[in-house]
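Heads up: the structure comes next, in structure tokens.
In what follows, residues are counted from 1 in the order of the sequence shown. Any value given below was found using the heavy atoms of this structure, including those in side chains, with hydrogens, waters and symmetry copies removed.
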Amino acid sequence: MNTSMEGHELAAWAKMLADATRATVCLALLDGRAWTATELAKRAGVSRPTISEHLNLLVDGGLLTEVRQGRHRYVKLAGPDTAELLEDLAALAPRRTEDVTNLSGASKRGAFARARTCYDHFAGRLGVALTDAMTDRGLLDWSSGVALTPAGVNWLDELGVVVEARRGRPAVRSCLDVTERRPHLAGATGAALCTHALRQGWVTRIPGGRALKVTGSMEGFGLPAGVMLDLLSRS
């Protein structure tokens with residue numbers, strides 16, 4: 001493939017996100033769930049016919065996949081690679097300070113920044129703190145990208161975390177956090193840690209978005225006491 005053709009294909013792909021409605025849809029789907037067109041129309045503030053046009057474009061372009069259940073149509077992100085790319089792009093975008101005029105808005109923004117999912121792994125202060133703790137304990141090696149150390153593999157085994165290998169998905173990957181502007185752990189290992197914590201009840205999902213409530217000690221994750229105090233006292 002010549003570079004001219006590659007350029008046209010990249011431009012066509014980027015054009016899919018060069019629309020506020022389609023970008024809003026993709027960011028909403030970072031919660032990892034499958035959504036209906038009606039739900040996404042409400043989130044984006046557009047009509048049902050309008051959202052259908054945008055969804056068709058995103059599905060045809062490979063950013064979203066369609067899930068049919070009876071007469072109902074759902075859409076979700078094409079996969080973890082798509083989700084991580086979207087999170088990276090969102091983190092690099094210039095951010096404006098949004099005025100919050102009520103307690104509910106401030107609470108939601110605080111919860112989102114504190115602990116949330118990025119598709120299927122941890123993000124926010126929780127995600128970054130976990131990544132830092134694993135690095136400090138020698139479980140991650142950043143000398144050439146990021147990789148699990150032998151100690152990290154043993155730690156996962158001792159914790160009972162099962163990392164599901166998936167073709168084309170790395171075991172570990174660095175993902176730039178959109179609020180912290182520092183890396184958190186993604187990849188199959190990041191997803192497995194998030195799944196483990198949800199199953200253990202250490203975190204629960206807050207309805208209506210990606211934010212998480214920290215409900216347990218999470219001592220097995222080795223987070224510093226100060227971090228845990230902050231997460232528990234504010235969640």
Criterion side-chain contact (heavy atoms from CB on, under 4.5 Å) on Val46 and Leu40, from CA distance to verdict: CA-CA 9 Å; Val46 298; Leu40 289 169; over 6 Å; no

From CA spacing to verdict: salt bridge (Lys or Arg N to Asp or Glu O under 4.0 Å), Asp31, Lys76: CA-CA 9 Å; Asp31 69 353; Lys76 63 180 182 178; over 6 Å; no

Steps toward side-chain contact (heavy atoms from CB on, under 4.5 Å) verdict (Cys194, Asp120): CA-CA 7 Å; Cys194 184; Asp120 61 0; over 6 Å; no

From CA spacing to verdict: side-chain contact (heavy atoms from CB on, under 4.5 Å), Leu198, Thr204: CA-CA 6 Å; Leu198 285 165; Thr204 58; 5.7 Å; no

Intermediate values then yes/no, side chain to side chain donor-acceptor pair (under 3.5 Å), Thr24 and Thr21: CA-CA 5 Å; Thr24 297; Thr21 297; over 6 Å; no

Test side-chain contact (heavy atoms from CB on, under 4.5 Å) applied to Arg114 and Leu126, step by step: CA-CA 6 Å; Arg114 186 164 50 252; Leu126 172 59; over 6 Å; no

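In this structure, Leu27 CG and Leu17 CG are separated by 8.5 Å, a value rounded to the nearest 0.5 Å. Between Leu229 atom CG and Leu223 atom CG the span is 12.5 Å, to the nearest 0.5 Å. With values rounded to the nearest 0.5 angstrom, Cys26 atom SG is found 5.0 Å from Leu58 atom CG. Between Ser174 atom OG and Arg182 atom CZ the span is 10.5 Å, to the nearest 0.5 Å. Rounding to the nearest 0.5 angstrom, the gap separating the CG atom in Asn154 from the CG atom in Leu159 is 12.5 Å. In this structure, OG1 in Thr195 is found 11.5 Å from NE2 in His121, a value given to the nearest 0.5 Å.
When the side chains of ILVMFWY residues are joined at heavy-atom separations under 4.5 Å, either directly or via intervening members, Tyr74 and Val25 end up in two distinct hydrophobic clusters. Residues Leu156 and Leu185 share a hydrophobic cluster, clusters being chains of Ile/Leu/Val/Met/Phe/Trp/Tyr side chains in contact below 4.5 Å. With hydrophobic clusters built from ILVMFWY side chains whose heavy atoms lie under 4.5 angstrom apart, Val227 shares a cluster with Met134. Both Leu140 and Val161 sit in one connected hydrophobic cluster of ILVMFWY residues. Membership requires side-chain heavy atoms under 4.5 Å apart, directly or through other members. Under a hydrophobic clustering in which Ile, Leu, Val, Met, Phe, Trp and Tyr are joined whenever their side-chain heavy atoms come within less than 4.5 Å, directly or via other members, Val128 and Leu130 fall into different clusters.
For the pair Leu212 and Phe122, the minimum side-chain heavy-atom distance is below 4.5 Å. Within the 4.5 Å cutoff, the side chain of Cys175 has heavy atoms near those of the Cys118 side chain. Arg210 has its side chain within reach of Leu30: a pair of non-hydrogen atoms, C-beta onward, lies under 4.5 Å apart. Side chains of Leu77 and Leu86 form a contact here, defined as non-hydrogen atoms less than 4.5 Å apart. Counting only heavy atoms from C-beta outward, the side chains of Thr179 and Phe112 approach each other to under 4.5 Å.
Side chains of Thr135 and Trp142: a donor-acceptor N/O pair is present below 3.5 angstrom, by distance only.
Nearest heavy atoms, Leu64 versus Leu29: CD2-CD1, 3.5 Å. The two residues Ala44 and Ile51 make their nearest non-hydrogen contact at CB-CD1, 4.3 Å. Counting all heavy atoms, side chain and backbone alike, Pro224 lies closest to Ala133 at CD-CB, 4.4 Å. Between Val172 and Ala147 the shortest heavy-atom distance is CG2-CA, 3.6 Å. Between Met16 and Gly61 the shortest heavy-atom distance is SD-CA, 3.5 Å. In this structure, Gly222 and Arg137 approach most closely via the heavy-atom pair CA-NH1, 3.4 Å.
Although no hydrogens or angles enter the test, the distance criterion places no donor-acceptor pair under 3.5 Å between the side chain of Arg22 and the main chain of Leu55. Using a distance-only test at 3.5 Å, with no hydrogens or angles considered, no donor-acceptor pair links the side chain of Asp177 to the main chain of Pro183. Judged by distance alone, the side chain of Thr215 and the main-chain N or O of Gly201 form a donor-acceptor pair under 3.5 Å.
A salt bridge between Glu39 and Arg48 is absent, with no side-chain N of the basic residue lying under 4.0 Å from a carboxylate O of the acidic one. Using a 4.0 Å cut-off between charged side-chain N and carboxylate O, Arg173 and Asp81 make no salt bridge. In this structure, Asp132 does not pair ionically with Arg125, as no charged nitrogen and carboxylate oxygen lie closer than 4.0 Å. Remark: Glu180 does not engage Arg116 in a salt bridge, criterion side-chain N to carboxylate O under 4.0 Å.
Other residues, nucleotides and ligands place no more than 12 heavy atoms under 6.0 Å from the CZ atom of Arg205.
Ring pair His196/Phe221 is tilted by interplanar angle, where 30° to 60° counts as tilted.
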